[in-house]
Amino acid sequence: MAESNGKDERRVVVLGTGGTIAGRASAAADNIGYTAGEVGVAELLGGIDAPPGISLTAEQVAQVDSKDMSFAIWQTLAQRCAYWLAEPAVAGIVITHGTDTLEETAFFLQAVLGPSKPVVVTCAMRPSTALAPDGPQNVRDAIVVASTPGAQGVVAVCAGTVHSAFDVQKVHTYRLDAFDSGDAGPVAYVEEGALRVLRDWPVPAGERLAFDRVAGVASWPRVEILLSHAESRGSIVDALVQERRLGGPDVVQGLVLAATGNGTLHHSLEAAALRAQAEGIAVLRATRCSQGRILPRQKEVLRDAGALTPVKARIALMLELLSGERSA
Ligand code: ASP
């Protein structure tokens with residue numbers, strides 16, 4: 001890691017959470033048979049030169065395959081981000097993360113921190129032991145973004161492209177350029193250590209749930225995602241409602257319905273969702289289409305999540321339930 005301690009240096013803090021970027025395989029030619037989250041974040045910075053005037057600090061926050069991401073890790077990550085962002089010398093933060101739930105972590109951090117400095121989530125599609133690992137270039141690009149004056153908000157950096165936390169989605173299982181921003185398009189490109197900015201950086205959307213409130217949560221509201229499809233059954237919703245009637249610590253409080261097209265639902269699922277809503281369960285429709293947004297129609301009885309994907313709508317609904325400001 002390039003680390004120098006000149007007095008006027010600005011600092012980029014790199015928080016490690018695991019993922020393929022920290023993955024190790026037994027053979028260099030094996031790009032898929034690896035274990036994620038094995039290599040420490042300090043080691044990932046080996047051989048990466050920071051931009052002039054920038055020093056790097058590494059901190060290991062977690063070491064997981066991001067398919068197993070947890071609320072506890074999100075809380076710790078948000079706390080560490082808040083701590084470092086408050087340091088005047090810190091220009092920005094980089095988070096090394098698995099690709100599978102990167103968009104959820106990015107959206108969560110944007111929602112609870114709404115940072116005025118850049119928080120850059122980066123990743124890799126090949127393990128660190130691969131013949132041609134993509135992690136080192138992604139980390140270097142992420143450091144460039146995190147140290148660029150004027151950059152702000154939570155963004156994802158992968159394959160030279162900067163995506164807003166609001167728009168980013170993993171869209172490919174294997175190729176290196178695995179993320180997309182849909183209709184919105186990327187925020188910027190990173191080219192040879194320089195940013196080509198295309199549009200505004202993400203800014204906080206509306207009222208934020210106080211970060212302190214999130215940091216102290218011991219039990220998160222359970223919000224399930226259900227997919228509307230041919231022959232959808234409302235009985236799955238009824239089973240959740242029944243479980244809730246019986247009571248317990250982890251009964252469902254919210255449902256996100258991954259709806260077809262412009263927010264439409266199979267009639268069986270819709271009828272059951274209305275029964276659930278009448279019982280006090282918060283229901284939100286999000287489109288299962290990978291692009292576009294739900295355009296509101298008149299007389300809709302179930303709220304829609306606009307442009308949010310089902311996984312992001314779930315986070316938004318959990319935060320809304322935590323804030324106690326839910327309107328069913
Ligand atoms: N399963 C890995 C993870 O999300 C995949 C990746 O990082 O590409 O941690």
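For ligands, and for the atoms within them, numbers begin at 1 and follow the listed sequence.
Atom CD1 of Ile294 is separated from atom CZ of Arg303 by 12.0 Å, given to the nearest 0.5 angstrom.
Under the side chain to side chain contact (heavy atoms under 4.5 Å, CB included) criterion, Arg275 pairs with Asp238, Ala271, Ala272, sequence neighbours left out.
Shown here is Ile32, whose CD1 atom has no more than 12 heavy atoms of other residues, nucleotides or ligands within 6.0 Å. Within a 6.0 Å radius of CZ in Arg175, other residues, nucleotides and ligands contribute more than 12 heavy atoms. By the 6.0 Å contact criterion, CG on Asp250 is enclosed, its count of non-hydrogen atoms from other residues, nucleotides or ligands being greater than 12.
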Contact table ligand 1 N or O to protein N or O, d under 3.5 Å:
residue, atom, partner, partner atom, Å
ligand 1, 1 (N), Asp65, OD1, 2.7
ligand 1, 1 (N), Asp65, OD2, 3.4
ligand 1, 1 (N), Asp100, OD2, 2.7
ligand 1, 4 (O), Ser66, OG, 2.5
ligand 1, 4 (O), Thr99, N, 3.3
ligand 1, 4 (O), Asp100, N, 3.0
ligand 1, 4 (O), Asp100, OD2, 3.3
ligand 1, 7 (O), Thr20, N, 3.0
ligand 1, 7 (O), Thr20, OG1, 2.9
ligand 1, 7 (O), Thr99, N, 2.8
ligand 1, 8 (O), Thr20, OG1, 3.0
ligand 1, 8 (O), Thr99, OG1, 2.4
ligand 1, 8 (O), Ala124, O, 3.3
ligand 1, 9 (O), Asp65, OD1, 3.2
ligand 1, 9 (O), Ser66, N, 2.7

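The existence of a salt bridge linking Lys170 and Glu103 is excluded, since no basic side-chain nitrogen approaches an acidic carboxylate oxygen closer than 4.0 Å.
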